[in-house]
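Just so you know, these numbers use all the heavy atoms, side chains as well, and skip hydrogens, waters and symmetry mates. Convention: sequence-line order gives letters A, B, ...; per-chain numbering from 1.
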Amino acid sequence: MADKKAIRDAYGEVLAKLGEENDNIIALEADVGSSSKSILFGKKYPDRYFNVGIAEANMAAMAAGFAAAGKIPFVNTFAAFMVLRAGDPVRSLIAYTNLNVKLAGTYAGLSDSYDGASHHAIADIAFMRALPNMTVISVADAVETELATRAAAAFEGPVYLRLSRAEVPIIFNKENYHFEIGKGVLLTQGDDVTIAATGYMVQKAVEAAERLKANGVRARVVNMHTIKPIDRELLIRCARETGAVVTVEEHNIYGGLGSAAAEVLSKEYPVPMEVVGIEDTFTESGDYEQLLKKYGLSVENIMHSVKKIMKRKRS
Amino acid sequence: MSIKMERKQYLEDLCKHFRIALIELLHQIQTGHPGGSLSATEMITTLYFEKMNIDPENAKWEERDRFVLGKGHAAPMLYLALAEKGFFPKEDMATLRQLNSHLQGHPCAKKTCGVELSTGPLGLGLPAALGMALAAKLDQKDYFTYVLIGDGESQEGIIWEAAMSAAKFKVDNMIAILDDNGVQLDGTTDEIMPMGDIAAKWKSFGWHVMTINGHNIEEISDAIDGAKTVKGVPTIIIAKTVKGKGISFMEGKNTWHGKPIGDAECTQALAELGGALNG
């Protein structure tokens with residue numbers, strides 16, 4: 001059994017390290033620092049840590065000012081509120097002016113499971129992806145969290161980092177995992193179908209591919225950690241080489257990874273596609289894994305979608 | 001430390017010049033917001049031509065003072081000041097709001113040299129200015145950040161979020177100016193959303209509050225000098241102004257928030273201001 005580590009812990013630790021490496025990095029928080037783990041930065045660098053209270057829009061607008069004056073601000077709140085509360089300054093100040101602000105949306109998807117649909121973020125990718133200049137990254141485990149956060153800090157321009165509350169098995173080896181913004185990662189070889197997954201669903205896609213072997217299906221798994229800019233070349237190559245693509249994401253089926261992949265493939269290399277995600281419905285409170293299962297984000301449902309697409313591919 | 005008489009006269013003449021240029025321009029392009037530009041004329045002019053430490057030849061100079069136009073619809077007056085200052089050619093003014101122009105309907109920092117921050121959606125300028133001021137403190141730089149907000153704009157909740165934050169973080173290197181013209185798009189502020197005792201509101205949020213006549217150059221100048229000496233708390237200058245100031249039929253009228261100027265109206269307005277610039 002692989003070691004587990006919470007994505008939020010990995011984020012908080014690397015943010016604190018980045019603070020040590022670069023004086024220009026500052027962090028803003030809207031009273032969820034103990035949850036987002038930005039508090040790890042705040043304890044080490046209190047002078048560069050601005051907890052603005054429960055005022056997410058104000059926080060994002062302040063970050064824009066910091067960035068306009070040369071700082072690299074990390075903005076911290078729940079993903080749901082990064083979009084719904086801070087959405088105006090995120091669009092009108094940060095994206096519009098292409099400011100160097102990093103938006104760390106934690107508790108994304110259903111990961112804040114017991115708090116219910118009000119706190120689940122299932123439209124954040126759609127919103128962020130539709131903003132010109134915005135880069136959108138969704139991380140799969142603690143190793144990728146560290147590398148993605150470092151890459152975001154080094155990148156010039158606004159980045160939305162989609163983070164999770166969840167404790168996740170470590171699937172990547174820090175010593176040899178190469179993370180590059182905009183480049184998907186091939187995880188499992190296969191020629192029958194491609195499973196393109198992002199975030200927490202990557203590990204489930206890997207497991208589905210493993211179990212599909214028993215059915216004689218050789219599924220290729222790719223980790224699409226960057227949803228914008230999407231790795232067009234990789235998607236087209238996978239479509240050409242496997243003839244079918246299943247996307248998997250912890251997000252509404254509208255506007256997320258599935259949409260991004262379909263936008264590329266429908267134009268460049270149309271193949272049968274299935275989009276696994278939340279079926280345009282509000283979710284509810286409950287145990288995280290049970291919730292994921294109920295809303296179609298299970299290994300079984302990925303396998304089911306693969307079997308469906310294999311039939312379409314043959315017909 | 002009052003402003004010298006000749007400087008005061010120079011700035012007043014400049015304001016008159018800007019008002020005439022504004023009317024001619026908005027009449028010519030038949031779009032844009034006259035009312036809120038006219039109430040802010042003296043404040044923008046005093047900042048750019050008397051107070052702010054800026055260099056058009058080196059627009060991104062790190063030590064420069066910053067100005068953020070919270071009430072972004074007063075963009076035409078800001079652009080007139082920037083052009084006069086030399087950030088871009090005055091001929092560009094005719095392209096305001098037109099296709100391929102760098103002069104957008106609301107200020108865009110990506111397009112216009114001298115614009116520090118993109119504004120327009122109301123309320124975002126004050127918190128962003130606060131971020132700039134805090135960055136200056138971290139960098140131990142002496143520049144001031146000025147932000148001009150509207151009274152209608154102050155109905156946005158984020159203004160009060162930023163007001164709390166500025167007090168908490170003891171921001172004394174940012175000076176907010178409230179263009180208190182009493183009128184918004186749909187009517188007077190009293191009709192649409194009464195602001196009550198605005199000075200008391202800001203005081204209760206922990207700010208140092210000064211109240212002046214926002215069309216009096218001397219009072220603006222003194223207030224800014226005074227605000228710079230206040231330590232440990234943020235300062236707001238509540239500037240009592242008249243929307244549409246200087247043009248009798250526009251003064252205090254919400255209908256002139258963003259209405260195109262007709263030919264006869266343009267003629268009358270220019271006559272009241274003392275004549276057209278080019279003839």
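- Atom CG of B:N58 is surrounded by more than 12 heavy atoms from other residues, nucleotides or ligands within 6.0 Å.
- Counting heavy-atom pairs under 4.5 Å between each of A:P73, A:A60, A:G53, A:A55 and chain B puts A:A55 at the top.
- Of the residues considered (B:A109, B:G125, B:P121), B:P121 shows the highest number of contacts with chain A, using heavy-atom pairs under 4.5 Å.
- Residue A:A69 comes nearest to B:A135 through the heavy atom pair CB-CB, 3.5 Å, listed as atom of the first residue, atom of the second, then distance.
- Under a cut-off of 6.0 angstrom, the local environment of CZ in A:R91 is sparse, with at most 12 non-hydrogen atoms contributed by other residues, nucleotides or ligands.
- From A:M59, atom CE reaches atom CD of B:E161 across 10.0 Å, with rounding to the nearest 0.5 Å.
- More than 12 heavy atoms of other residues, nucleotides or ligands sit less than 6.0 Å from atom CE of B:M195.
- The neighbour count for A:E233 CD, taken as heavy atoms of other residues, nucleotides or ligands under 6.0 Å away, does not exceed 12.
- With chain B as partner, the option from A:G70, A:A63, A:A57, A:A64 having the largest number of non-hydrogen pairs under 4.5 angstrom is A:A57.
- Taking chain B as the reference chain and counting heavy-atom pairs below 4.5 Å, the highest number among A:N51, A:I54, A:N24 is found for A:N51.
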- Message: Set out, in order, the CA-CA distance, both residues' side-chain angles and the distance that settles side chain to side chain contact (heavy atoms under 4.5 Å, CB included) for B:L117 and A:L93, then state yes or no.
- Response: CA-CA 7 Å; B:L117 194 93; A:L93 297 176; 3.7 Å; yes

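- Within 6.0 Å of the NZ atom in A:K267, the count of heavy atoms belonging to other residues, nucleotides or ligands does not exceed 12.
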- Take A:V52 and B:F169 through the test side chain to side chain contact (heavy atoms under 4.5 Å, CB included) and record every step on the way to the result. CA-CA 9 Å; A:V52 304; B:F169 297 119; 4.3 Å; yes

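- With values rounded to the nearest 0.5 angstrom, B:Q104 atom CD is found 5.0 Å from A:Y96 atom OH.
- Proximity to chain A involves both the backbone and the side chain of B:A162, based on heavy atoms less than 4.5 angstrom apart.
- Contacts with chain B were tallied for A:D88, A:N98, A:D47; A:D88 has the most, counting heavy-atom pairs under 4.5 Å.
- Of the listed residues B:L124, B:T145, B:L126, the one with more heavy-atom pairs under 4.5 angstrom with chain A than any other is B:L124.
- Annotation for B:E57: atom CD does not count as buried by contact number, only 12 or fewer foreign heavy atoms lying within 6.0 Å.
- Residue-environment remark: NZ (A:K44) exceeds the threshold of 12 foreign heavy atoms within 6.0 Å.
- Atom CD1 in B:I158 sits 10.5 Å away from atom CE in A:M62 (nearest 0.5 Å).
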- Task: Go through the steps for B:L138 and A:R48 under the test side chain to side chain contact (heavy atoms under 4.5 Å, CB included), then give the verdict.
- Result: CA-CA 8 Å; B:L138 285 177; A:R48 286 190 268 148; 4.2 Å; yes

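- Heavy atoms of other residues, nucleotides or ligands lying less than 6.0 angstrom from CD of A:E268 number more than 12.
- For A:L28, no part lies near chain B; criterion is any non-hydrogen pair under 4.5 Å.
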